[in-house]
Amino acid sequence: MHNNSHTEIAGVQLNSYVFNAAGARDVTYEELTAIGKSESSAITMKSCTIEPRKGNEEPRYKDIPYGSINSMGLPNLGYKEYIKISLCREDYITMLRAFQVSEVDLIEVNLSCPNLKGKPQVAYDFEQCEEIIGEISDIGKKPIGVKLPPYYDFVHHQMMSEIIRKYRIKFVTLINSIGNALFIDAEQEAPVIKPREGFGGLGGHYIKPVALANVRKFYKLLPENVSIVGCGGIYTGKDAFEFLLAGTSAVQLGTIFMQEGINCFGRIDMELRQIMERKGYTSIADVRGKLKSL
Ligand code: DHB
């Protein structure tokens, strides 16, 4: 193949279009190192908190017929461990200040965790969201992006894109899991995960059309210099190609990474490049956003 899937997000060059999503398999040093050794073109770390957290009770992640459901409850090592991993030596006040002076290239701020007891998803409260984005957007020079939940109303896409423009957010990751889904095991007459009475974030095949819709809508609403990272139901190169048509500069893998492990990155990148070759495209930029109308 003579093509490649080189791309960039907010000016940061990536060797391929495919990398991992923040999720259930990017918490520990070992897990992050394994991603680093794989063909994933970046290493996304799971959301962290000031203090280490064990997260919710088990079972808290389950594969289900067309995807996955989880309520992990933010298990993580505490931000200082991740700062160490990214080789920073200085002392920090807040996580964002800390990551701004670390070795990370991009900071993906998660505004869409659906699994915290008693805490609404920030990104569904536009006022609170604007406050938070306003506070974090001018700390340091590293590109900041936001990871958003799905929106289902064009008025909400419009409102969020105005906030993103106003504070010069450099990339958006679309979408987080669909929050508060419930999967029931009829034989057991029970949910399949334990926390929060079985309600959890839905990922995988179920959510691809919702993810594509959010990518396409934000692609139309945001200026060209805001990169879009796709996430939600990508299992194959064909899925990745659909996200590319809708307007993403790269895609992240969550559920398939849980199921297949690190091989998924190279496989999906190769499948994507085969599709591009068959169609005569030589670069990501040839295809990005070029969805045709009927
Ligand atoms: C968790 C789940 C999410 O979808 C997210 O965005 C952040 C955290 C969790 O349960 O750990």
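Each residue takes its place number in the sequence, starting with 1. Order of listing sets the numbers, starting from 1, for every ligand and every atom in it.
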From the list T248, D269, T7, side chain to side chain donor-acceptor pair (under 3.5 Å) with Y17 holds only for T248

Can you find a side-chain donor-acceptor pair between [X] and [Y] that sits under 3.5 Å?
| X | Y | result |
| --- | --- | --- |
| T49 | N76 | yes |
| S102 | Y82 | no |
| R25 | N20 | no |

* Does some side-chain heavy atom of I234 sit less than 4.5 Å from a side-chain heavy atom of F243? -> yes

One thing to verify: whether E242 and K238 come together as a salt bridge, which I'm taking to mean a side-chain N less than 4.0 angstrom from a carboxylate O.
yes

For ligand 1, protein residues within the heavy-atom limit of under 4.0 Å are K46, N70, S71, M72, G73, L74, P75, N110, S112, C113, P114, N115, N176, S177

